[in-house]
Each structure stands twice: as C-alpha cells, then as structure tokens.
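Comments concern the structure below.
Everything numeric in this text was worked out from a predicted model, so none of it was measured.
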Amino acid sequence: MTAIYFGMSAAAQKQAVSDSLDRTYTLVADGIAARKAKELAKVQDKYVTNSALPSLQADIDALAARKDTAAGAVFSLKQASTNAQKVLEYLNTAHAAAAEGRASAFDNAINQINILVGSRGADLENLIGNAAPGQSGQRTMAISTGATQVVVALQSLGSRYVLTDDDNGRLYTPNFLSQTLSMGGAQIATSQLSLVSRDGNDVSFTDGTTTWNATLDTGGLPVTSSWLYGGLTGAGQTQAIDDIKASISIVAKAVVTLSNTNLQSEIGLSTLQNQLTSLGETAREVSDTEAEELAAAKKAIETRYSLMTSNIAFAAQAQREVIGALIGEDSVTDQSVLDIMGTAYSG
C-alpha cells in the first residue's frame, strides 16, 4: 500500500493531514485577525486625528469662560441697580426726617445707606460702594458682557465725609455704625459734638471744651450726619433738606443708568448663551455623524474580514474532504485512490 505518511494506517494518515490543515488554517486565521486589528486601529486613529470635535470643544470652553465672566458682570450690575433703588428709598426716609427735624431718624437712614453700600471692592465688586473718605468715587467703566461691551458712569452712593483740621491738617473721619468721629486716635461720640457755625464747607464745632475749625469734604453723596446740620434746626435743617434733594437726584440718575446698563448686559449674556447652545448642538451633530461614519467603516472591515475567514475555512474543509477521499480505502478493493494510483504507476 502506497501512503502519504509511511507506516501509518489510512485513518491515521487522514487525521495527520487534518491536523496539518488545522495548523495551517490557524496560522492563516491568526494572520487575518492581526491584519483586521491593525486596519481597525488605523481607521480609529484616522477618525480621532481628523475629528472636528476637539476644535469645537475648545471653542465651547472658551465661550463658556466668556459667559462666566459676563454672568459675573451682569450679577454685579444687577446688585448695584437693586442697591441703588434701596438707597433712594432710604434717602426719601431721610428727607421726611429732615423736614420734620427728627435727627435720630435722619442719622439712622444715612447709617442704613452706608451699611448697604459698604466699601468699594476690586474690579466689579460693589460698584456703588464707598470710596476713600471725602471722595466721590466717580469713574467710568467699560464692562464686558461677552457679546457686547457697555460703558457706565459710576460713583459711590454712600456718605463718607471727612473733616480736615484747619490748624494741623489732621483728618477726622466718621464711623456711622458707632456714631463716633475719629479724632487723633480718639473716638468721640457725635452726640457730644455740636455745630458752632457753618459757612458752606467751612465748619466750626465743639465738644463743649474744645472747639475745632475744619473743612468738610463729602464723599459719595453730598449729605452728612445730623450734627453737622445743627441737629436739623434753623439753617442747618434747610441745608440738610437741600443736600438730601441733591443726593436723591444723583441716586435717581444712577438707578436709571444702572437699570439700562443691566438690561444691555443681560442682552449680551443672552446672546452668549444662544451662541453656546448653538455650538453645543453643532458639536452633538458632529459627534453623531463621526460616530456613525466610524461605525460604518468598522462594520465594513469586520464584514470583509469575516467573509475572508469564512472562505478560508470553507477551503480548508474542502481540502480535508478531497484528501480524505484520496486516502480513504474503497470498500470493494480495500484500496485508496492513492494506493490504486501508486499500483498503476509501479505496474
């Protein structure tokens, strides 16, 4: 009997050939799987490298940062507008107290204003807060609200006056919370002070023992404590009413300005939000499109290599069947096709 594997039965030869084909098929299948993995990685890298999403995300991040800044400006303007309206209400209360000669109620209203407005902070913090004593705090600011820039004229809306001693140049500043006047390190209650005379901003006052001559510089609003109006009596009362009226005029104008500016800033912020929303929608659409394209490209690769693997498996099976037929013994002659061919050849 002529055999492919000498010394082996036909069944053993058939198994040996089948094992050899299996090893060959495994090597080919592994090679195909490696090529498929490499091609899938390549197409993945291509979509990552060429994706428009990183650029869109950078634009979104930058726009979001601008929106946060604009939102901070809008908040500051809105807070200033709200507080200015409250200052106007306190001034109306002070006006009524001045007209009725109620010094305590007058000082309380002015005190509430100073508590409300506080002190000016940095940048956009507390736009109407008190500046240094004796300073109006007038300034013009260009405030960016993202999509737009608004220019607003500001000033302090509190009452932070200072008295400069005519003799030695010392500065005397009030503390509205404690109702005292700081004089050379000493805190003298304003209830112990009385006005001797006043001519415009030139004032003379005493604590009953010492008399001082000083120059008055108002800060923010042109209104002071009641003791500098002679306790709201005589000419002092008239001066207090005039100063309150002037203050009301300043604050009323500030309320309109801040309200208009706040409206403009909110429009700018809304525009930014619309842009951010639109950009976000664009990013989602691009993400969906790229994901669909990548999935389609990967599916095409998977399908192509799946067909390739199936074809090779089919070919391997066909080879098994052909070789099995060549090796297998015929039931009549007890010889395989190869045996018959070998006999004829050796004939």
Side-chain angles (χ1 to χ4, degrees), residues 39-89 116-129 131 137-157 251-303:
E39 194 167 338
L40 286 171
K42 184 177 180 181
V43 76
Q44 177 72 38
D45 291 342
K46 175 184 175 182
Y47 274 88
V48 170
T49 302
N50 298 332
S51 174
L53 286 176
S55 177
L56 279 171
Q57 188 59 55
D59 291 342
I60 289 173
D61 291 343
L63 196 59
R66 286 175 59 196
K67 177 178 174 288
D68 289 343
T69 300
V74 169
F75 175 80
S76 294
L77 286 165
K78 183 177 291 185
Q79 185 179 50
S81 178
T82 299
N83 287 344
Q85 184 63 52
K86 291 180 180 178
V87 169
L88 193 59
E89 294 172 4
L116 175 66
V117 302
S119 297
R120 176 179 298 173
D123 299 325
L124 297 176
E125 185 182 349
N126 198 3
L127 296 174
I128 62 172
Q138 290 180 342
R139 57 179 172 159
T140 299
M141 287 189 69
I143 300 175
S144 175
T145 57
T148 60
Q149 188 176 68
V150 294
V151 178
V152 56
L154 300 166
Q155 83 162 71
S156 302
L157 298 185
V251 176
K253 182 178 179 181
V255 168
V256 173
T257 299
L258 288 168
S259 295
N260 290 339
T261 304
N262 184 55
L263 178 59
Q264 294 177 53
S265 66
E266 286 185 337
I267 291 173
L269 180 61
S270 178
T271 300
L272 267 186
Q273 180 57 60
N274 290 338
Q275 292 175 354
L276 193 59
T277 299
S278 177
L279 204 55
E281 291 176 352
T282 298
R284 282 191 290 273
E285 291 173 359
V286 168
S287 177
D288 291 343
T289 299
E290 290 186 355
E292 290 173 359
E293 291 176 351
L294 177 59
K298 286 185 175 181
K299 184 177 180 180
I301 293 172
E302 293 281 0
T303 300

Exercise. Taking all atoms of both residues into account, what is the closest heavy-atom pair of Leu157 and Val251, and its distance?
Worked result: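 Nearest heavy atoms, Leu157 then Val251: CD2-CG2, 4.1 Å.
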For this session: Looking only at non-hydrogen atoms, find the nearest pair between Ala73 and Ile143 and report the distance.
Result: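 Ala73 and Ile143 have their closest heavy atoms at CB-CG2, 3.6 Å.
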Exercise. So, does Thr271 use its side chain to make a donor-acceptor pair with the main chain of Ile267 at under 3.5 Å?
Worked result: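 Yes; judged by distance alone, with no hydrogens or angles, the pair exists.
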Exercise. With no hydrogens and no angle check, is any side-chain donor or acceptor of Ser156 less than 3.5 Å from a backbone partner on Gly129?
Worked result: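 A pair under 3.5 Å: yes.
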Taking only distance into account, with no hydrogens and no angle test, what donor-acceptor pairs under 3.5 Å do side-chain atoms of residues 77-88 form with protein atoms, sequence neighbours excluded?
| from | atom 1 | to | atom 2 | distance (Å) |
| --- | --- | --- | --- | --- |
| Lys78 | NZ | Glu266 | OE2 | 3.1 |
| Ser81 | OG | Ser259 | OG | 3.3 |
| Thr82 | OG1 | Lys78 | O | 3.0 |

Rounded to the nearest 0.5 Å, what separates atom [atom1] in [X] from atom [atom2] in [Y]?
| X | Y | atom1 | atom2 | answer |
| --- | --- | --- | --- | --- |
| Met141 | Thr261 | CE | OG1 | 11.5 Å |
| Leu154 | Leu258 | CG | CG | 6.0 Å |
| Leu279 | Asn274 | CG | CG | 12.5 Å |

For this session: Mind checking salt bridge (charged side-chain N to carboxylate O under 4.0 Å, His left out) for Glu302 and listing every partner two or more places apart, or none if nothing turns up?
Result: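 Once residues adjacent in sequence are excluded, the partners of Glu302 under the salt bridge (charged side-chain N to carboxylate O under 4.0 Å, His left out) criterion are Lys36.
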Exercise. Within a strict 4.5 Å, meaning less than it, do heavy atoms of the Val152 and Leu127 side chains meet?
Worked result: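 In short, these two side chains do not touch, never coming nearer than 4.5 Å.
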Problem set entry | Residue pair Thr282 / Arg284, side-chain heavy-atom distance below 4.5 Å |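 A side-chain contact under 4.5 Å is absent here.
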Mind listing the side-chain donor-acceptor pairs of residues 54-62 below 3.5 Å, one per line with the distance, residues two or more places apart or on another chain?
| from | atom 1 | to | atom 2 | distance (Å) |
| --- | --- | --- | --- | --- |
| Gln57 | NE2 | Asp61 | OD1 | 2.9 |

[X]: partners by side-chain contact (heavy atoms from CB on, under 4.5 Å), with sequence neighbours left out:
| X | answer |
| --- | --- |
| Ala297 | Val43, Tyr47 |
| Ala41 | none |
| Thr277 | Gln273, Glu281 |
| Ala65 | none |

Exercise. Under the side-chain contact (heavy atoms from CB on, under 4.5 Å) criterion, do Asn262 and Val74 qualify, and how do the steps go?
Worked result: CA-CA 6 Å; Asn262 184 55; Val74 169; 4.1 Å; yes
For this session: Any salt bridge (charged side-chain N to carboxylate O under 4.0 Å, His left out) involving residues 254-265? Give me the pairs, sequence neighbours left out, ordered by first then second residue.
Result: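 Passing the test, one end in residues 254-265: no pairs.
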Exercise. Applying side-chain hydrogen bond (donor to acceptor under 3.5 Å, both in side chains), which residue pairs with at least one partner in residues 286-296 are found, sequence neighbours left out?
Worked result: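 Passing the test, one end in residues 286-296: Ser51-Glu290.
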